[in-house]
**Student:** 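First the structure, which I've put down as structure tokens, then a few questions once you've had a look.
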Protein chains: 2
Amino acid sequence: MAIRVSIYEDNQPLREALSALITDEDDYTLVGAFGDCLHANDQTYSLQPDVVLMDIDLPGRDGIQAVTGLHREFPNVDVLMLTVFDDDDRVFRALCAGASGYLLKQTTPDQILEAIQSVYAGGAPMTPSIARKVIQTFPARIGHSADLDQLTTRESQVLQYLAKGLSYKLVAAELNISVETVRTHIKRIYEKLHVHSVTEAIAKYRG
Amino acid sequence: MAIRVSIYEDNQPLREALSALITDEDDYTLVGAFGDCLHANDQTYSLQPDVVLMDIDLPGRDGIQAVTGLHREFPNVDVLMLTVFDDDDRVFRALCAGASGYLLKQTTPDQILEAIQSVYAGGAPMTPSIARKVIQTFPARIGHSADLDQLTTRESQVLQYLAKGLSYKLVAAELNISVETVRTHIKRIYEKLHVHSVTEAIAKYRG
DNA sequence: CAACAGCTACCATAATCATGGGAGTGGCAG
DNA sequence: CTGCCACTCCCATGATTATGGTAGCTGTTG
């Protein structure tokens, strides 16, 4: 049985190249190729692909959202993300959303076919560099940036509440201290983490 | 510069085979080969390898513990795990402990060299089946609050950059749009997510 | 074509945050 | 006991963010 593949890629030349690649192989059947993923769920329902190739950066509705929807409705369909960039954050979110693998567009045709085969067989193909990023997100993170360790108990608490989205006022209320004190803690935090805003501090805090 | 490699493998014939493989290649230098990992840290300190090949199943002290120690003391040294079996669970734990990739012992010599090269270049070689296991550990944020899906591509991008700690001004620069436009996007984001500040939005965005 | 969604841009006002300063308390180590 | 650190609090100024309104441009859809 040939593997049924559908493609979502807004770049037309690339979409056609991928389509040709799939079509020319006996072991693969191209069931659809689209320039956007607005109706990915409907299309997946009627075309019944085994594997979906999805560009991560599509106009209108981006690939990550599409993956979220697809994964919820068709957990058995494997989604391979395509991207030009080696963009950590989006890779991470795509994988969280349920993507099964991740390919850079510069991947060779042979590797793409291999990846489709592999994901269909229950694997999760990704380039070594992406794999590295993925495993770096593991709990291991002992490298804690050292800066974080310098925060006192109170400062950490303040930062935690801020990360939850609370304002100074609410943090103060939560910790039963004055807003001014919260300010002071935050000033120290900024000095220690070498940042200048709440969001930066949180970004650093999150690793 | 040749890549400095050390080996930990209790099976003598295999250890010798690996040693020979490394030694025979000009681009690799074998700096040590041992039957146990009891003194892995000391040895790593004195031999200064770039890449360590570590059997996952060593007598006395197993490879995973060794990785934990190595990774803490020498975060720049890459560790490749070796295993006979496609033992998901242990490979998985090794990766958590800080290993950078893993190889089946049945891997061909060429592939082994390639993997060493790849890990040294910042990659994380692993088979698709392990990779799949790895990504399945990702937070399967399914409840995604549905609010998030309502964000348009542009809005998501803005929020992403904010989450990285950038100010409006920097986000604008990053996306090549005016600060005012960033403001507008943020206003929409707030409406859709029902929040009133950047940090709240990020908190919601992070799940 | 008209309506709508998405991206772009500007202005004004109010609220919040950033930064720098000063200051008092209690505890702990030298 | 004295300096140091963590924690607490206050003030003032300037920068940034929040909110609301307005509006042109594009592409899609009914």
Side-chain angles (χ1 to χ4, degrees), chain A residues 10-12 34-40 42-43 57-66 147-205, chain B residues 147-205:
Chain A
D10 62 323
N11 180 291
Q12 189 179 338
F34 311 93
D36 65 74
C37 59
L38 296 176
H39 309 97
D42 289 347
Q43 288 154 350
D57 194 15
L58 291 167
R61 181 185 183 216
D62 81 16
I64 294 177
Q65 294 173 352
D147 283 337
L148 287 188
D149 300 338
Q150 295 178 7
L151 296 189
T152 66
T153 324
R154 210 54 165 168
E155 286 160 3
S156 291
Q157 285 175 4
V158 169
L159 193 46
Q160 274 174 40
Y161 282 117
L162 288 175
K164 285 186 182 175
L166 305 195
S167 66
Y168 289 13
K169 209 177 292 180
L170 292 177
V171 173
E174 204 67 38
L175 295 175
N176 284 309
I177 56 181
S178 119
V179 176
E180 292 302 327
T181 304
V182 174
R183 276 190 210 288
T184 305
H185 285 309
I186 291 173
K187 278 188 278 190
R188 302 261 155 75
I189 293 173
Y190 287 174
E191 286 167 14
K192 290 179 181 175
L193 299 188
H194 311 296
V195 298
H196 308 278
S197 72
V198 173
T199 50
E200 261 189 284
I202 294 174
K204 201 139 193 171
Y205 169 74
Chain B
D147 284 338
L148 287 189
D149 297 343
Q150 295 178 6
L151 297 189
T152 67
T153 312
R154 212 49 164 172
E155 287 160 4
S156 292
Q157 285 176 3
V158 169
L159 191 45
Q160 243 179 280
Y161 282 116
L162 289 175
K164 283 186 181 173
L166 306 193
S167 66
Y168 288 13
K169 208 177 292 182
L170 292 177
V171 173
E174 203 68 37
L175 296 175
N176 284 307
I177 56 180
S178 122
V179 177
E180 293 301 329
T181 304
V182 173
R183 276 189 213 288
T184 305
H185 285 309
I186 292 173
K187 278 187 278 189
R188 301 264 157 73
I189 293 173
Y190 288 174
E191 285 168 15
K192 291 179 181 175
L193 300 188
H194 310 296
V195 298
H196 309 277
S197 73
V198 173
T199 50
E200 259 188 286
I202 294 173
K204 201 138 192 171
Y205 169 73

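Basis for what follows: all heavy atoms, side chains included, without hydrogens, waters or symmetry-related copies. So you know, we letter chains A, B, ... as the sequences are listed, proteins then strands, and number each from 1.
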**Student:** Looking at side-chain heavy atoms only, is the closest gap between A:Arg154 and A:Leu175 below 4.5 Å?
**Tutor:** yes
**Student:** Can you measure B:Glu191 atom CD to D:dG21 atom P for me and round it to whole angstrom units?
**Tutor:**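 My rounded result for the distance is 10 Å.
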**Student:** Rounded to whole Å, please give me the gap between CD1 in B:Ile186 and C1' in C:dT8.
**Tutor:**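 Roughly 14 Å, once rounded to whole Å.
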**Student:** Roughly how many Å is it from CZ in B:Arg154 to P in D:dC25, rounded to a whole number?
**Tutor:** 19 Å
**Student:** Which atom pair, heavy atoms only, marks the closest approach of B:Leu151 to B:Ser156?
**Tutor:** CB-OG, 3.7 Å
**Student:** Would you give the length of the straight line joining atom CZ of B:Arg188 to atom OG1 of B:Thr152, rounded to the nearest 0.5 angstrom?
**Tutor:** 9.0 Å
**Student:** For DNA chain C, determine which residues of residues 175-184 of chain B have any heavy atom closer than 4.0 angstrom to one of its atoms, and list them numerically.
**Tutor:**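 Heavy-atom cutoff 4.0 Å gives B:Ile177, B:Ser178, B:Glu180, B:Thr181, B:Thr184.
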**Student:** Whole angstrom is fine here: how far is it from CG in A:Asp36 over to P in D:dG27?
**Tutor:** 15 Å
**Student:** Of all heavy-atom pairs between B:Ser197 and B:Tyr190, which one has the smallest distance, and what is that distance?
**Tutor:**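 Heavy atoms only, the tightest pair is C-OH, 3.1 Å.
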**Student:** If I take atom CD1 in residue B:Ile202 and atom C1' in nucleotide D:dT17, what distance separates them, rounded to the nearest angstrom?
**Tutor:**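 Atom-to-atom, B:Ile202 to D:dT17, this comes out as 13 Å.
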**Student:** Taking only side-chain nitrogens and oxygens of A:Thr152, does any of them come within less than 4.0 Å of OP1 or OP2 of D:dC5?
**Tutor:**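 Negative; the distance criterion is not met.
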**Student:** Send over the distance from A:Leu170 CG to C:dT16 C1', rounded to a whole Å.
**Tutor:**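 Roughly 12 Å, once rounded to whole Å.
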**Student:** Find the distance A:His196:NE2 to D:dT16:P and express it as a whole number of Å.
**Tutor:** 12 Å
**Student:** Please report the distance, rounded to the nearest Å, between NE2 in B:His185 and C1' in C:dA9.
**Tutor:** 10 Å
**Student:** When you measure from the side chain of B:Val198, which nucleotide among D:dT17, C:dT19, D:dT8 comes out closest?
**Tutor:**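 Side chain of B:Val198 sits closest to D:dT17.
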**Student:** List the atom pairs, with distances to 0.1 Å, where a side-chain N or O of residues 158-165 of chain A and a protein N or O form a donor-acceptor pair under 3.5 Å, not counting sequence neighbours.
**Tutor:**
none

**Student:** Could you measure the distance from the CD atom of B:Gln157 to the CD atom of B:Glu155? Nearest 0.5 Å is fine.
**Tutor:** 10.5 Å
**Student:** I'd like to know if the side chain of A:Lys204 and the backbone of A:Leu193 have a donor-acceptor N/O pair within less than 3.5 Å.
**Tutor:** yes
**Student:** Would you please confirm or rule out a distance under 4.0 Å between OP1 or OP2 of C:dG20 and any side-chain N or O of A:Lys187?
**Tutor:** no
